[in-house]
Amino acid sequence: MSISGRCHCRAISYEISGEAVYEAICHCGDCRRHAGAPMVGWAAYPAEAVTVTGQPTIYPSSENGRRHFCGTCGTGLFFINEVVLPGLVDVQSGTFDDPAAHPPKLHVQAAERLPWMDEIDTLPKFARYPSQG
Ligand SMILES: [Zn+2]
Ligand SMILES: [Zn+2]
């Protein structure tokens, strides 16, 4: 199994070999604020399984957490925390070339999820925008 992905502007891309250690949706406040999104999809792999082309910018989002993102387009790509997730690279699964092929298997940091998250699947759905049907 091989996975490829990239940032929005294509300055940074990556290849992953092998199976994920876990595939998750994270609800933590750090992910929310860094991504500017209510939740973030992640898939973790052994560090040696991930080959990166290009040079991400690294932001220390917590004492041991390091968020790697594209300094040009801002896409969040990787998270490394050698204390909490030793030897692993967490990859933002929304940047996979085929994210639909890798559904999350669990929610993590659910204690920090937004209170309305449990009801979002019941909201009205529009293929585009309400004015367009
Ligand atoms: Zn980019
Ligand atoms: Zn998180």
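If you read the sequence from its start, that first residue is 1, and numbering goes on from there. Whatever order the structure lists ligands and atoms in, that order sets their numbers, starting from 1.
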- Can you check side-chain contact (heavy atoms from CB on, under 4.5 Å) on Ile12 and Val52, steps first, answer last? CA-CA 7 Å; Ile12 299 168; Val52 180; 4.0 Å; yes
- Query: Testing Gln109, Arg33, Met39 for side-chain contact (heavy atoms from CB on, under 4.5 Å) with Cys28, which one passes?
  - Reply: Gln109
- Item | All ring-ring contact (aromatic ring centres under 6.0 Å, His included) counterparts of His8, not counting sequence neighbours | none
- Query: Protein N, O or S atoms at less than 2.8 Å from the Zn ion (ligand 2), how many?
  - Reply: 3
- Arg32 side chain vs His27 backbone, donor-acceptor pair below 3.5 Å: yes
- Identify, with sequence neighbours excluded, every residue that meets ring-ring contact (aromatic ring centres under 6.0 Å, His included) alongside Phe69. His34
- Task: Can you establish whether the number of heavy atoms outside Asp98 located under 6.0 Å from its atom CG is more than 12?
- Result: yes
- Message: For the CD atom on Glu112, are there more than 12 heavy atoms of other groups (residues, nucleotides or ligands in this structure) within a distance under 6.0 Å?
- Response: yes
- Query: Protein N/O/S atoms under 2.8 Å of the Zn ion (ligand 1)?
  - Reply: Cys7 SG, Cys9 SG, Cys70 SG, Cys73 SG
- Item | Distance-only side-chain donor-acceptor flag, Tyr14 / Asp97, under 3.5 Å | no
- Query: Hey, is the main chain of Val50 close enough, under 3.5 Å, to the side chain of Glu15 for a donor-acceptor pair?
  - Reply: no
